Amino acid sequence: MITKIGSGYWNITDPQNGYTVISRYALETIDLDSIYTYYGYCNDILLKMNAYGMRVVDVTMPARYGSEKSKIRYGKYIRKVAPMIFRGFLWRLKMKYIVLDFHPLVLFYFASMILVPLGLIFGFWIVLEKLIFHGPVSQNYPLLFVFIFLVGMQFLLFAMFFDMQANKTSYSKMV
């Protein structure tokens, strides 16, 4: 799910399967020296390809390990790759929706990145103030917390919807 949001290829099924076919044009367009070197290289390539408007074809293939088992540890993998995907996501938004073209979805994403954490911090402060410090809290503060948080979440969902619409033609599935 993190790769879907980060890369903008919302229908991709398995970016970690180990098989990648890439065109010469794509190799010449993306900066190969900047590709992530850990297991997340597939995710990083997808981020870069989407920023430059390249089409991706998802080919369904089963994983066949034989007697061996996958050595990937998802806890370690997510801790290591998620920050790279988030940085790549911000880079993709900048390149695709600000530098190379403009789309207002970037404004919705950035507004949500401000309002959701702000709402959560404000809600946490209300709980601390009321339960731990036993201070007076206005009855309007919880309503303000809900308003800030829900508007931020609504901006996030709108941004994701617009991102899905903007990337609808850049993906196809081959079975």
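Positions are given from 1, in the same order as the sequence printed here. Just so it is clear, the model here is predicted, and its values are computed rather than measured.
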Look at the rings of [X] and [Y] and say which category their plane angle falls in: under 30° parallel, 30 to 60° tilted, over 60° perpendicular.
X      : Y      : answer
His103 : Phe162 : tilted
Tyr77  : Tyr74  : perpendicular
Tyr141 : Trp125 : tilted

Quiz item: Do Met49 and Ile22 touch side chain to side chain, with heavy atoms closer than 4.5 Å?
Solution: yes
Should the heavy atoms of other residues, nucleotides or ligands under 6.0 Å from [atom1] of [X] be counted, would the total exceed 12?
X      : atom1 : result
Phe122 : CZ    : yes
Phe102 : CZ    : yes
Phe147 : CZ    : no

Quiz item: When rounded to the nearest 0.5 angstrom, what distance separates OH in Tyr36 from CE in Met84?
Solution: 6.0 Å
Quiz item: Taking all non-hydrogen atoms of both residues, which atom of Pro117 and which atom of Ser112 are closest, and how far apart?
Solution: CD-O, 3.7 Å
Practice problem: Write down the atom of Ala166, the atom of Tyr97, and the distance for their closest heavy-atom approach. | Solution: CB-OH, 3.7 Å
Self-check item: Ring-face cation of Lys48 near Trp91 (centre distance under 6.0 Å, axis angle within 45°)
Solution: yes
Quiz item: Would a line drawn from the ring center of Phe89 to the ring center of Tyr109 be shorter than 6.0 Å?
Solution: yes
Practice problem: Scan residues 72-93 for pairs that pass salt bridge (Lys or Arg N to Asp or Glu O under 4.0 Å), counting only residues two or more places apart or in two chains. | Solution: Arg92-Asp163
Self-check item: Shared hydrophobic cluster for Leu150 and Leu107 (ILVMFWY, side-chain gaps under 4.5 Å)
Solution: yes
Quiz item: Are Val146 and Ile121 in one and the same hydrophobic cluster, where Ile, Leu, Val, Met, Phe, Trp and Tyr link if side-chain heavy atoms are under 4.5 Å apart?
Solution: no
Exercise. For Thr3 and Asn43, test the side chains for any donor-to-acceptor distance below 3.5 angstrom and give the result as yes or no.
Key: yes
